[in-house]
Amino acid sequence: MKEKPTGPISLPPQIVVKDLADMLGITPIEVIRDLINKHAIFASINQVVDYDKASLVAQDLGFEPSPIAAVENPAVRGERPLSANEAMMATRGEDDMVTIPPVVTIMGHVDHGKTSLLDTIRKTKVAAGEAGGITQHIGAYQVEVNGKKITFLDTPGHEAFTAMRARGAQVTHLAIIVIAADDGVMPQTREAIDHARAAKVPIIIALNKIDKANANPDRVKQQLAEIGLVIEEYGGDTVCVPISARRGEGIDELLDYILLVSEVQDIKANPNRLATGVIIEARLEKNSGATATVLVQQGTLKMGDNIVVGSISGKVRAMFNDRGKRIQKATPSTPVSILGLPEVPNAGDRLEVTSDERTAKQQAESESEKRKSEATPLGQVSLDTLYMQMQEGKVKELNVVIKSDVQGSLEAIKGSLSKLGEENLKVRLIREGIGNISETDIHLAAASKAIIIGFNVKADGAAASEAQREGVDIRYYNVIYKLIEDIQAALVGMLEPTFREVIDGHAEIMQTFKSGKTVIAGCRVLDGRITRGSQVRLMRKEEKVLDGKVASLRRGKDDVREVLTGYECGILLEDFNAYEVGDIIETYSQERVAPGA
């Protein structure tokens, strides 16, 4: 007879009866019999029992049970997904922490050489180390420098960077801002810098095209200093590396600086835990089905792992690295292409490995229900809800994007805002600019959970629509003290909701009818609709005669609730009889100003 194991044993908070039997080295029938006979607990072979019940069975067999903590992934803890650096800090106290490759995103203005830089690094560092080079594009790749790896996200541009941040998938440890030495700091350069700052990631400036005859590096350095990015040469702490992506000059030095800045960051993760990661991109392949590129952040992703990605659950059936080579496992900061999901996930969705298939399905179903119930974007901050969110501990700082018509007003607003706030809630300016509010401003605000202040400017049509869709709060002002008053009131929880007037319809009086002591106006609805009980203005030759209410609305002999454009009706206004043919009845209502409206 084989001796049954006894002694210390760690049990999870919940476990299936069959799995418990396997752990204890007995048959499921024996577990069920023990629960019924000794503890009057009825359970089937596939039933989940909690720790208390499982520990009773274990004690009966001579084990010394102890609970193991439920595996919680710090990267996905709480309502707000943590950034790459925050997730790293959340696990700092764990054992088995090891240094991992930094994840780098390259951003900058159009035509300043972002793609050229990525291509040059790929050709010189990747192809040299692997015969045959890249066989497939998976949206990210690794290079090896002096025996250390660096992971590059092959999605140049801050649009992709911000779109992922907006989904809570901040995976970057370091941002490289590419600036052309012959062109200088351009609008998109400033946007890229703002996005990197908002994401709180270190910045390295790659000064490209230094081989050009009209290159002027000093002018670029001066422009950077003017927007608050002081390079080391001028006594600041921002690294600036002159390069030529076309000629391959300065690339080695840039890679060395990436490793140096990463060492200062002390980027670590625990590979010995259930993996978590982020979907970089996903697509539907004709032959293999749903294919997703995952950047592993914590733990080690292995073949056969049960995974949940947003509202989808599945199993890792196949895994390929950035060279297209089939692999069995992926450690933190490794980009891999995986097969095994039943449908295509969204870029930015979080991937989490679970202990079993049942848990994966439960989590996916829970997330699916949660997404269905969310009619509006979650977690977005508005001035109306700021104090409440602050009290609940959801908000520690108010992020603000300011757009103004002139520089003088902008400076005055910045100066006033810097004096607001208190220890519990600070005002943080993440972007400022001159001109109308653009879609880029909306994307940054959505990703950073910021409000937008427009001073003597408006939002472009596309930007206004995007703001409404994303739930971004836009506030318009033309008086500075009113702006400051509102922000201060929001910080202390006193901000009153704002309303605006909406014109619902117009009706022209065609003739009048007397009915006893009352006079009824016979009208034709010109536009919109006239509703019983609505607020009205009676306009006579463009002058307001009355501000009142619709007391009665009739069509023929019937009382009706509303009359639409083109129809005739009889209108009786409250306490008013002095109608004249040609008068215009204008109905209006007050609606609360929604964020972004």
Side-chain angles (χ1 to χ4, degrees), residues 101-135 137-158 160-161 172-193 196 202-225 229 231-234 236 238-262 322-323 335:
V103 180
V104 180
T105 299
I106 295 180
M107 300 190 284
H109 191 73
V110 175
D111 292 333
H112 276 202
K114 303 186 297 289
T115 307
S116 300
L117 176 57
L118 275 166
D119 287 344
T120 304
I121 292 170
R122 185 193 285 115
K123 285 171 188 171
T124 57
K125 296 295 172 186
V126 179
E130 182 84 16
I134 301 292
T135 56
H137 173 78
I138 70 166
Y141 63 88
Q142 280 190 328
V143 303
E144 194 165 309
V145 182
N146 303 329
K148 296 178 180 176
K149 290 181 178 177
I150 302 170
T151 300
F152 285 93
L153 292 188
D154 197 356
T155 50
H158 57 268
F161 178 82
T172 305
H173 296 120
L174 197 146
I176 296 193
I177 309 292
V178 179
I179 307 175
D182 62 333
D183 213 2
V185 174
M186 302 297 281
Q188 272 191 303
T189 315
R190 291 198 60 168
E191 286 176 9
I193 291 169
I203 293 171
I204 291 179
I205 302 295
L207 198 54
N208 195 23
K209 304 186 182 181
I210 54 161
D211 53 318
K212 284 202 166 185
N214 58 341
N216 189 347
D218 290 333
R219 182 173 69 97
V220 178
K221 293 170 184 175
Q222 185 59 44
Q223 288 175 325
L224 288 170
L229 209 63
I231 66 167
E232 288 180 334
E233 188 182 325
Y234 288 3
T238 303
V239 175
C240 179
V241 185
I243 64 166
S244 169
R246 190 168 60 89
R247 291 189 177 182
E249 294 173 14
I251 303 298
D252 287 339
E253 190 182 356
L254 177 64
L255 295 172
D256 286 338
Y257 269 112
I258 291 173
L259 291 175
L260 187 64
V261 173
S262 303
D322 55 343
R323 321 286 206 278

Quiz item: What's the shortest heavy-atom distance between Ala192 and Met107, and which atoms?
Solution: O-CE, 3.7 Å
Practice problem: Please report the closest heavy-atom contact between Val185 and Gln223, naming both atoms and the distance. | Solution: N-OE1, 2.8 Å
Quiz item: For the atom pair CZ (Arg247) and OG (Ser116), what is the distance rounded to the nearest 0.5 Å?
Solution: 14.0 Å
Practice problem: Evaluate the criterion side chain to side chain contact (heavy atoms under 4.5 Å, CB included) for residue pair Leu255 and Leu259; output intermediate values, then yes/no. | Solution: CA-CA 6 Å; Leu255 295 172; Leu259 291 175; 5.9 Å; no
Practice problem: With rounding to the nearest 0.5 Å, note down the distance linking CD in Gln142 to NZ in Lys149. | Solution: 5.0 Å
Quiz item: CZ of Phe152 to CD1 of Ile121: how many Å apart, nearest 0.5 Å?
Solution: 4.0 Å
Self-check item: Value rounded to 0.5 Å, distance of OH in Tyr234 from CD1 in Ile231
Solution: 6.0 Å
Quiz item: Can you tell me how far CG of Leu117 sits from CG of Leu254, rounded to the nearest 0.5 angstrom?
Solution: 6.0 Å
Quiz item: Is there a side-chain contact between His112 and Met186, using heavy atoms and a 4.5 Å cut-off?
Solution: yes
Quiz item: Any side-chain heavy-atom pair from Val104 and Thr172 closer than 4.5 angstrom?
Solution: no
Exercise. Give a yes or no answer on whether the side chain of His173 reaches the backbone of Pro102 with a donor-acceptor pair at less than 3.5 Å.
Key: no
Quiz item: So, do Gln188 and Glu191 sit near enough that their side-chain heavy atoms are less than 4.5 Å apart?
Solution: yes
Self-check item: Pairs where residues 172-190 contributes a residue and the test salt bridge (Lys or Arg N to Asp or Glu O under 4.0 Å) is met, not counting sequence neighbours
Solution: Asp182-Lys212
Quiz item: How about Ile258 and Ile176: do any of their side-chain heavy atoms sit closer than 4.5 Å?
Solution: yes
Quiz item: Got Asp256 and Asn146 here, is their nearest side-chain heavy-atom distance under 4.5 Å?
Solution: yes
Self-check item: Smallest separation among heavy atoms of Cys240 and Lys221, with atom names
Solution: SG-CE, 4.4 Å
Exercise. Taking all non-hydrogen atoms of both residues into account, name the closest pair between Ala180 and Val220 and its distance.
Key: O-CG2, 4.2 Å
Quiz prompt | Nearest-0.5 Å distance that lies between atom OG1 in Thr189 and atom CG in Leu229 | solution = 11.5 Å
Quiz prompt | Heavy-atom side-chain contact between Ile243 and Ile210 under 4.5 Å | solution = no
Practice problem: In sequence, state the C-alpha distance, the side-chain angles, and the governing distance for Ile204 and Leu174, and then conclude on side chain to side chain contact (heavy atoms under 4.5 Å, CB included). | Solution: CA-CA 8 Å; Ile204 291 179; Leu174 197 146; 3.8 Å; yes
Exercise. Determine the minimum heavy-atom distance between Ile251 and Ala245, stating which atoms define it.
Key: CD1-CA, 4.5 Å
Quiz item: Can you find a heavy atom in the side chain of Ile205 that is under 4.5 Å from one in the side chain of Thr238?
Solution: yes
Quiz item: Is there side-chain contact between Val239 and Leu260, with heavy atoms separated by less than 4.5 Å?
Solution: no
Practice problem: Of all the heavy-atom pairs spanning Thr120 and Gly248, show the shortest one and how long it is. | Solution: CG2-CA, 4.1 Å
